[in-house]
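Chain letters run A, B, ... following the sequence lines, proteins first, then strands; residues in each count from 1.
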Amino acid sequence: MEYNHREIEAYWQKYWDENGTFTVSNKSERPKYYVLDMFPYPSGAGLHVGHPLGYIASDIYSRYKRLKGFNVLHPMGYDAFGLPAEQYAIQTGQHPAVTTENNISRYRSQLKKIGFSYDWSRELRTCDPKYYKWTQWAFLQMYHHWYNNDTQKAEPIATLTAEFERNGNQKVNAAHSEVPVFPAEVWNGLSDGEKAEVIDAYRLAYRAKTMVNWCPKLGTVLANDEVKEGLSVRGGYPVVQKPMVQWLLRVSAYAERLLEGLDRIDWTDSLKEMQRNWIGRSEGCEMFFDIADSEVKMKIFTTRPDTVYGVTFMVLAPESEYVDQVTTAEYRDAVQQYRADAGKRTERERMSDTHSVTGQFTGAYAINPFTGSQIPIWISDYVLVGYGTGAIMAVPAHDSRDYAFAKKFDLPIIPLIEGADVSTESYDAKEGIMMNSGMFNGMNVLEAKQAAINEVEKLGIGNRKINYRLRDAIFSRQRYWGEPFPVYYKDGRVQTLDITKLPLELPEIDSFLPTEDGEPPLSRAANWKTPEGYPYETSTMPGFAGSSAYYLRYMDPDNNNALVSKESNEYWQDVDLYIGGTEHAVGHLIYSRFWNKFLFDLGVVCKDEPFKKLVNQGMIQGQSKFVYRIKGTNQYVSYGLKDDFDTQEIHVDVNIVKNDILDLEAFKQWRPEFADAQFVLEDGKYICGSAIEKMSKSMFNVVNPDTIVERYGADTLRLYEMFLGPIQQSKPWDTGGIEGVYRFLNKFWRLFFNANGDFEVSDAQPVEAELKALHKTIKKVESDIEIFSYNTSVSQFMVCVNELTSLKCNKRAILEPLVITLAPFAPHIAEELWKLLGHNESISDAEFPKVDERYTVDSTKTYPVAINGKTRFTLDLPANADKDEIEKEVRANDRFKQLIEGKSVIKVIIVPGKMVNFVVK
RNA sequence: GCGGGUGUGGCGUAAUUGGUAGCCGCGUUAGACUUAGGAUCUAAUGCCUCACGGCGUGGGGGUUCGAGUCCCUUCACCCGUACCA
């Protein structure tokens, strides 16, 4: 019987579905194991061969863990809210719910064809009201909580107001927005409206006017991680900075815990480092500078208080609130002009031009609290309004940016560190002995820094301060296709919906464009108000809202009373293995850790960190192919001859190129313009050029998994994607090599069939060589799976099958365990053979074979025999030979005798199992 | 600039973690069976050399009896990040 992957795979996929083979229960005697994939955004383009890479790796691990006796939770779902569906809706008028549904169906059928062992009964999607009920619920919880820095956790707002009533906010150590200090009497005298305003400054979900990333083309604000190099990640449109009132999540409150938690999880160093940089902790101090002839005290943040004697000017961000307070009448116009110019530049322009130094003097002077000297205050866009206080003390001698500014505007530069030459560039290193620094002279930089902070605190002009780069996440989008906020407005004040009223479902609207006056699409919904007539919030939540806690929902997907029940959460605990791409390093993976920590504070979840181990799969790139058209003709010249002509490079569909050779007929039929194409061939063939590029439609290099599955089968696809190289590495797809894996599966299949093509296995006792082939494979695969080295496992299977083929081994005692070992990788063929071997149960209920160590070691060991370190020949010796035996054998060897003839042995170095070296003279 | 990572045959990769570099696969070459081969099987395949032999893990240096692996130095590429005070 031939290996017919189409029949086999269709049969077993149906079998798994109908028998609920991979449906798991929240109760089991077996230990739990939770393997999660980053759920996909179901785009209109469908899956390409790159997408399943991580899914295959996690599926192998899940199936393996199951064979090892674990109760494995391995779910799949869809991150279904988001911009592309809505953009598509704007263009075509199709409702995003419809296109999303279609895309999900397509994804699901593509995934099923690859034979994943998902528990499909737990499938979820973020746009389902039953799901987003809990996204809205979590938002409300954040709204009703504040972050207590003393207890390092979120607490209900009621505990805060109780404290206000008793002691005001003087003793409250909270993460909060700007708010004045007040005693209890003041608090108790406030009106309800005034109180509400104060409380808003403490909520973990709050509304505030801040500088936001506004993308005019998308008509929405974006979070920092949704902007890259000044362009929107989705669509690549320019982004500008604009002050707007928005919902925010106080992610910054958790900065320290997000940082600290990294030490306790098993992620790659590079990913942890990315998160550390994103959080951007820096230690320093805040310091007030008096302004000459003014009441204003200017607060700055610095990490180098030790250099305060070298401050020769101050710089404000153009948008800083201090600018209006300090600018003198004489300079008002010039300052206004500078601000206007700076405001006009898009983020992109500002960033592409980081080297030109611009600035404007304000006419005002600050007083250096340590030297008493007056120093000019400038504004410049190299100081950012969003970091620190938006104002800096400039120390040109020891900061390269301040240095460039000082040089440009001819400001004084005072060196503060002995031996530092600042005539051509600043000395930024944080080491050396201080000078020109009054009381700090003679100290090294680190001592001086501490001394300076102490002095600042003693003088009462500032205090020690840790600053984070991590900002609060802007949480509203002026968009339709997202979770509605469960809030409405009464007399301009926020009112939250009662939890029993959730979910607040997305209403139908007739058009997905923003309204004429720039209001979000939800303003078009006629009845977007409470029964009492109060208007609901018209923004919706951003993409990361729905993806921040989905891993919890899988634990208990149908629960209508809680995000996840206590029992279910305590059983599944956390994600043991999370596989996904690095692109979520500072977005999703920060937000979900934040979200999870918040839920942990509430007691809803039992683990502080959601993802114990995380593996990043690399990307599978496309291998683009090119033809070369001689300019102005319809003639195409083969790659090797193209330099003889003036040619134009044209992308050609990779599916009509094999081993770089173009299928000429297919090319002519590909597009009408090529129908009459003429070719200049080399050796009778047309050779294409190639390049590694991102897999995308526009490069014609997309390989669809469906066509691979149809031609070679899912098992071949799975094995081949793993065989391509280490999963963590990015690598180009090359359909050429897949034949080798396909051949392997055919060879494997043939082991079970005799010359007539009938299934036949023998019950004869295996011989040592066969047992060795088997047990070496089990051992290798077992240890490879644990370290995600799947490519070497596949190689090992090939070696094993080659050996068994040449041994003509068809023994049950060898083949049966081998099928189980292969099952995680190639589940369909394994199931089929398992059935042929006479088993009625699915192979996924089998037990992973035990390694018999007797057969994993060789009885002889090949030693390199070296003379003076130079390997001369090799010698086979018993594997367990000791030093004396080895030396005796070597000395008795004829080749050895010949080589050392006339010389005397000075020293013998033997490492049993490894090497023999004779030092001779 | 800063942070992380990678350099091994024509290509994807492997190397018991300091012990015969190149496993497995692709590709290529030759042969067998074939009307045919884009099917299957067999063999060869790092480079130079008819051969003996020599050279080989980006370059240079070092430690070691022995280095792809450790140390120093240098070059190249990839990823992330960017005026964060």
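When the P atom is compared between B/rA14 and B/rG9, the two are found 14 Å apart, to the nearest whole Å. Here, B/rG60 and B/rA44 have their P atoms 33 Å apart, quoted to the whole Å. Rounded to whole Å, the C1' atom of B/rC48 lies 27 Å from the corresponding atom of B/rG31. Nucleotides B/rA51 and B/rU35 are separated by 43 Å at their C1' atoms, to the nearest Å. For the C1' atom pair drawn from B/rG18 and B/rG54, the interatomic distance equals 25 Å after rounding to whole Å. The gap from the P atom of B/rA15 to that of B/rC24 amounts to 14 Å, rounded to the nearest Å. Here, B/rC47 and B/rC11 have their P atoms 11 Å apart, quoted to the whole Å. For the C1' atoms, the distance linking B/rU64 with B/rU69 amounts to 13 Å, nearest Å.
No engagement by A/Pro732 is indicated, since no non-hydrogen atom pair under 4.0 Å with the nucleic acid exists. Base contact: A/Val383 has a heavy atom under 4.0 Å from a base atom.
Contact check on A/Glu887 versus A/Lys883 returns no salt bridge, with no Lys/Arg side-chain nitrogen under 4.0 Å from an Asp/Glu carboxylate oxygen. The residues A/Lys772 and A/Glu803 are annotated as not salt-bridged, no charged nitrogen and carboxylate oxygen being separated by less than 4.0 angstrom. Salt bridge annotation for A/Arg281-A/Glu283: present, with a cationic side-chain nitrogen under 4.0 angstrom from a carboxylate oxygen. Ionic pairing of A/Asp263 and A/Arg276 is present here: one or more N-O contacts between side-chain nitrogen and carboxylate oxygen are shorter than 4.0 angstrom.
Here B/rA85 is the nucleotide among B/rA85, B/rG25, B/rA82 with the atom lying nearest to any side-chain atom of A/Phe301. Side-chain proximity of A/Ile392 to B/rG12, B/rA14, B/rA85: nearest is B/rA85. You'll find that the side chain of A/Val911 is closest to B/rG19, out of B/rG25, B/rC83, B/rG19. Residue A/Met915 has its side chain nearest to B/rG19 when only B/rG19, B/rG3, B/rC24 are considered. For A/Glu273, the listed nucleotide lying nearest its side chain is B/rG4; candidates were B/rC24, B/rG4, B/rC83. Closest approach to the A/Ser270 side chain among B/rG3, B/rG4, B/rA15 is made by B/rG4 (side chain taken as heavy atoms from C-beta onward). Ranking B/rC41, B/rC65, B/rC24 by closeness to the A/Lys747 side chain, first place goes to B/rC41. Here B/rG80 is the nucleotide among B/rG80, B/rC83, B/rA15 with the atom lying nearest to any side-chain atom of A/Met274. Checking B/rC65, B/rA85, B/rG25 against every side-chain atom of A/Ile909, the shortest atom distance belongs to B/rC65.
Taking 4.0 angstrom as the limit, A/Ser282 places a side-chain polar atom (N or O) nearer than this to OP1 or OP2 of B/rA85. At the phosphate of B/rA14, OP1 or OP2 sits under 4.0 Å from a side-chain N or O atom of A/Asn791. At B/rC26, one or more side-chain N or O atoms of A/Arg743 fall inside 4.0 Å of OP1 or OP2 (strictly under the cut-off). The shortest distance between the side-chain N/O atoms of A/Arg750 and the OP1/OP2 oxygens of B/rC41 is below 4.0 Å. Regarding contacts with the backbone of B/rG25, a side-chain N or O of A/Asn802 is found under 4.0 angstrom from either OP1 or OP2.
Taking the six-membered ring for Trp and the full ring otherwise, A/Phe405 and A/Phe313 have centroids separated by under 6.0 Å. In summary, the aromatic rings of A/Tyr720 and A/Trp733 are positioned with their centroids under 6.0 Å apart.
With a glycosidic angle no further than 90° from 0, B/rG9 counts as syn. The glycosidic torsion of B/rU17 lies within 90° of 0, placing the base in the syn range.
One can place CD of A/Glu853 at 13 Å from C1' of B/rU16, the figure rounded to the nearest angstrom. If you take CZ of A/Phe744 and C1' of B/rG25, they are 12 Å apart, rounded to a whole angstrom. Whole-Å rounding puts the A/Asn616 CG to B/rG80 P distance at 12 Å. Atom CZ in A/Phe797 sits about 13 Å away from atom C1' in B/rC24, given to the nearest Å. In this structure, A/Glu739 atom CD and B/rU28 atom P are separated by 12 Å, rounded to whole Å. Separating the CD1 atom of A/Ile787 from the P atom of B/rU17 is a distance of 12 Å, rounded to the nearest angstrom. Look at CD1 on A/Ile279: it is 19 Å from P on B/rG80, rounded to the nearest Å. In this structure, the NZ atom of A/Lys731 is 15 Å from the C1' atom of B/rC79, given to the nearest Å.
The partner of B/rU45 is B/rG27, by the rule that a Watson-Crick or G-U pair needs both atom distances under 3.5 Å. For B/rA82, there is no paired base (Watson-Crick or G-U wobble, both distances below 3.5 Å). As the counterpart of B/rA32, B/rU40 is assigned, both hydrogen-bonding distances of the Watson-Crick or G-U wobble pattern falling under 3.5 Å.
The local environment of CD in A/Glu853 is crowded, with over 12 non-hydrogen atoms from other residues, nucleotides or ligands closer than 6.0 Å.
The closest donor-acceptor contact from the side chain of A/Lys272 to the backbone of A/Ile265 lies under 3.5 Å.
Between A/Ile738 and A/Pro726, it is A/Pro726 whose nearest contact on RNA chain B lies nearer the 5' terminus. When the nearest nucleotides of RNA chain B are assigned to A/Trp278 and A/Thr303 by heavy-atom distance, the more 5′-ward of the two goes with A/Trp278.
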